[in-house]
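The structure under discussion appears below in the form of structure tokens.
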Amino acid sequence: MSIAIYIAVMAVVTYLIRMIPFTAFRKKIKSPFLKSFLYYIPYGVLSAMTIPSIFYSTGDMATAVIGTVVAVVLAYLKLPLIAVALSASAAAYISGPFI
């Protein structure tokens, strides 16, 4: 098949995904449950894509868990994102030879 057909299929699928909510929800959404559900969908999808990558990124589950714990603790303490990312990476890297 030619690449033009692949691009056309991807364009149609992308258009449908973006068009369906506009046609399904013509009125303003008033349900608090549905609003909160739709609010958290991006966070859920991002987490579902990111979390598995975190645990398989180092090749060793123990170092990945150590890096994740460091990241969660520092994020809980409201440190800047760059400090959290660098500290978690350093913790995973430094713990590698010891495990």
If you link I, L, V, M, F, W and Y whenever their side-chain heavy atoms are under 4.5 Å apart, who else ends up in the same group as Ile82?
Leu86
Between CE of Met10 and CD1 of Ile5, what distance do you get to the nearest 0.5 Å?
12.5 Å
Taking all non-hydrogen atoms of both residues into account, name the closest pair between Leu74 and Ala83 and its distance.
CD1-O, 4.4 Å
Might you point out which heavy atoms bring Ala88 and Gly67 nearest each other, and give the distance in Å?
CB-O, 3.3 Å
Connected to Phe22, directly or through other members, by ILVMFWY side-chain contacts below 4.5 Å are none
At what distance, to the nearest 0.5 angstrom, does CZ of Arg18 lie from OG1 of Thr23?
14.5 Å
Scan residues 78-91 for pairs that pass side-chain hydrogen bond (donor to acceptor under 3.5 Å, both in side chains), counting only residues two or more places apart or in two chains.
none
Hey, which of Val70, Leu79, Val72 is the one that makes side-chain contact (heavy atoms from CB on, under 4.5 Å) with Val84?
Leu79
Who passes side chain to side chain contact (heavy atoms under 4.5 Å, CB included) against Leu38, sequence neighbours left out?
Ile29, Leu34, Ile41
Ile94-Val73 co-clustered via ILVMFWY side chain contacts under 4.5 Å:
no
A quick test of your reading: do over 12 heavy atoms of other residues, nucleotides or ligands sit less than 6.0 Å from CZ of Phe55?
yes
For residues Val13 and Leu16: do they belong to one hydrophobic cluster (side chain heavy atoms under 4.5 Å, members Ile, Leu, Val, Met, Phe, Trp, Tyr)?
no
Sequence neighbours excluded - ring pair (Phe, Tyr, Trp, His ring centres under 6.0 Å) pairs with any residue from residues 68-99
none
Quick one: which residue pairs count as a side-chain hydrogen bond (donor to acceptor under 3.5 Å, both in side chains) with a foot in residues 31-60, not counting sequence neighbours?
Thr58-Thr63
